[in-house]
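Residues: numbered from 1 along the sequence shown. Only this structure's heavy atoms are used, side chains among them; waters, hydrogens and symmetry mates stay out. Keep in mind it's a predicted model, so treat the numbers as computed, not measured.
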Amino acid sequence: MSEVQSPPAQNATSPPPSPTEEVRSGLEGVLAFATEIAEPDKAGSALRYRGVDIENLVGAVPYEQVWGLLVDGHFKPGLPPAEPHTLTVRSGDPRVDVQAALAMLAPEWGFGQLIDISDEEARDNLARASVMALSFVAQSARGAGQPPVAQAEVDKGSTIPERFLIRWRGEADPSHVKAIDAYWVSAAEHGMNASTFTARIVASTGADCAAALSSAVGALSGPLHGGAPSRVLKMLDEVERSGDAERWVSEALDRGERRMGCGHRIYRAEDPRARVLRRTCRELGSPRFEVAEALEQAALAELHARKPDRVLATNVEFWSAVVLDLAEVPPDLFTSLFTCARVAGWSAHILEQKREGKLIRPTAKYVGPGPRSIAEVD
């Protein structure tokens with residue numbers, strides 16, 4: 001398995017690195033954990049959750065059971081429905097609302113700290129908090145001026161994505177349910193990244209489950225992780241207006257503009273999540289499918305012509321934007337929909353870190369000034 005390897009020997013008690021030891025900026029390529037949760041296959045263009053390929057999961061296993069696969073190793077009982085709990089934080093930013101509301105669950109519901117509770121209790125806390133994140137996103141998206149949807153209406157939903165849409169909009173279009181379920185399943189987990197690393201760091205301190213999940217949401221506040229799909233729609237709009245995908249791509253690259261949704265730091269071939277979501281958009285009849293496919297083909301052809309030595313393929317951001325647009329999710333909610341998906345992976349990593357039982361404390365190499373007096377400070 002490409003991601004399951006023994007952790008490095010260095011720990012909190014290891015000696016500091018020597019002056020000549022290499023520092024890898026951004027921890028690029030540094031092995032920090034051994035994990036059984038997910039395997040992004042770099043060369044094989046595949047993503048497997050505990051050995052199961054996501055291409056076999058999307059459209060066949062609902063998101064709540066994929067949560068179970070990642071956290072428990074089996075589909076059932078999976079993620080339960082959300083408890084009735086009103087969102088009291090209204091900042092105007094759904095991400096902020098969810099981050100704050102999640103952190104408040106620990107004192108509100110009496111969550112114990114990970115260092116003091118059993119694995120079974122931690123799993124139960126993660127399930128309750130995970131599904132509340134989805135509920136909080138739906139309530140925040142509905143807006144403060146709208147009356148909440150009656151719980152009896154929400155309870156008519158047979159799956160977690162359907163209940164989410166009813167809580168948000170009061171109804172659930174079947175094609176929208178399928179689109180969101182496909183997106184959540186494909187984005188549920190992806191190994192080590194900024195938000196997952198954050199969740200594991202907080203979990204390693206022995207904090208409560210809600211604090212660890214809330215911290216992971218905070219890692220999505222920057223545009224480099226979780227928010228890029230919203231920028232893809234702008235490209236699609238421009239290509240649609242121009243009517244010529246090839247010319248648009250060529251002119252954009254000539255101007256030095258970055259083409260969102262192409263290339264990935266992990267995969268050396270096509271991002272398997274992009275492949276799954278492309279298939280979903282085709283099957284559900286996305287109104288943007290033709291222009292998206294034309295842009296994808298034109299961009300890949302032009303990039304190959306300009307950089308034949310580099311392997312560049314469409315990544316998950318590109319087709320995530322198209323599938324979320326199909327479900328009529330506005331761009332300012334894309335990051336929050338990513339939160340809904342990724343609580344599954346975060347929960348699995350938090351529980352795995354609890355079982356590891358070690359505080360995460362990497363070492364830094366000091367490169368500042370040598371010993372000096374107060375008078376020498378400018």
Side-chain angles (χ1 to χ4, degrees), residues 37-38 63 66-67 70-71 79 82-83 85-109 111 113-114 122 125-142 160-161 164 167-168 180 183-184 186-205 207-230 316-317 320 324 329-354 360:
I37 299 167
Y63 171 75
V66 171
W67 188 97
L70 287 167
V71 176
L79 192 62
E83 301 170 40
H85 191 79
T86 303
L87 174 68
T88 56
V89 182
R90 296 284 184 176
S91 68
D93 184 333
R95 185 201 58 78
V96 174
D97 293 352
V98 175
Q99 184 179 359
L102 276 175
M104 293 165 61
L105 286 180
E108 289 173 350
W109 286 354
F111 285 178
Q113 294 187 315
L114 285 164
N125 289 351
L126 286 166
R128 294 176 69 193
S130 288
V131 78
M132 281 313 306
L134 277 59
S135 175
F136 290 148
V137 169
Q139 293 182 60
S140 182
R142 186 166 178 79
I160 295 295
F164 169 84
R167 193 184 300 277
W168 174 13
I180 287 178
Y183 172 66
W184 283 356
S186 66
E189 161 62 4
H190 199 245
M192 204 47 52
N193 48 68
S195 59
T196 301
F197 190 39
T198 301
R200 288 195 73 133
I201 290 173
V202 174
S204 81
T205 70
D208 64 81
C209 293
L213 288 172
S214 176
S215 69
V217 178
L220 302 180
S221 56
L224 298 183
H225 178 47
S230 61
V316 67
E317 297 168 354
S320 290
L324 290 175
V329 177
D332 62 355
L333 276 177
F334 281 10
T335 298
S336 294
L337 266 288
F338 180 76
T339 296
C340 294
R342 193 50 66 86
V343 289
W346 294 338
S347 295
H349 279 276
I350 290 166
L351 198 56
E352 190 173 72
Q353 186 61 43
K354 179 190 186 303
I360 297 173

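- Contact between V343 and A133 at its shortest, heavy atoms only, is CG1-CB, 4.0 Å.
- E108 meets the salt bridge (Lys or Arg N to Asp or Glu O under 4.0 Å) test with no other residue; sequence neighbours excluded.
- Rounding to the nearest 0.5 Å places SG of C209 at 8.5 Å from NZ of K354.
- A donor-acceptor pair is defined here as one N or O able to donate and one able to accept, closer than 3.5 Å; such a pair exists between the side chain of S91 and the backbone of D93.
- Under a 3.5 Å cut-off, the side chain of Y63 and the backbone N or O of I180 do not form any donor-acceptor pair.
- With rounding to the nearest 0.5 angstrom, the CZ atom of F338 is 5.5 Å from the OG atom of S195.
- Closest non-hydrogen pair, L87 versus A101, comes out as CD1-CB, 3.7 Å.
- Residues satisfying the side-chain contact (heavy atoms from CB on, under 4.5 Å) criterion with L333, sequence neighbours excluded, are P94, A141, W168, V329, P330, S336, L337.
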Derivation of the side chain to side chain contact (heavy atoms under 4.5 Å, CB included) call for I350 and L114: CA-CA 9 Å; I350 290 166; L114 285 164; 3.9 Å; yes
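- Residues W109 and M132 have side chains in contact (heavy-atom distance under 4.5 Å, counting atoms from C-beta outward).
- Using a 4.5 Å heavy-atom cutoff, the side chains of V66 and E189 are not in contact.
- W346 pairs in a side chain to side chain contact (heavy atoms under 4.5 Å, CB included) with only one of the listed residues (T339, L70, V71), which is T339.
- In this structure, T196 contributes its side chain and M192 its backbone to no donor-acceptor pair below 3.5 Å.
- For A341, the side-chain contact (heavy atoms from CB on, under 4.5 Å) test picks out W184, A187, with sequence neighbours left out.
- The shortest side-chain heavy-atom distance between T88 and M104 falls under the 4.5 Å cut-off.
- The distance from the CH2 atom of W67 to the OG atom of S347 is 5.0 Å, given to the nearest 0.5 Å.
- Annotation: side chain of Q353 is in contact with side chain of I360 (closest heavy-atom distance under 4.5 Å).
- Using modelled atom types, one side-chain atom of Q139 and one backbone atom of H85 make a donor-acceptor pair closer than 3.5 Å.
- Counting only residues at least two apart or on different chains, the salt bridge (charged side-chain N to carboxylate O under 4.0 Å, His left out) pairs with a member in residues 343-353 are R200-E352.
- Atom CZ of F197 is separated from atom NE2 of H349 by 12.0 Å, given to the nearest 0.5 angstrom.
- Side chain of S140 to main chain of F136: no donor-acceptor pair is present (N/O by atom type, distance under 3.5 Å, no hydrogens or angles).
- Among residues at least two apart or in separate chains, there is no salt bridge (charged side-chain N to carboxylate O under 4.0 Å, His left out) pair with a member in residues 341-350.
- Smallest separation of non-hydrogen atoms from A216 and T198: N-CG2, 4.3 Å.
- Identified under the side chain to side chain donor-acceptor pair (under 3.5 Å) test for residues 207-223, with sequence neighbours left out: none.
- Atom CG of L213 sits about 9.0 Å away from atom CG of L105, to the nearest 0.5 Å.
- Atom CG of L134 is separated from atom CZ of F164 by 6.5 Å, given to the nearest 0.5 angstrom.
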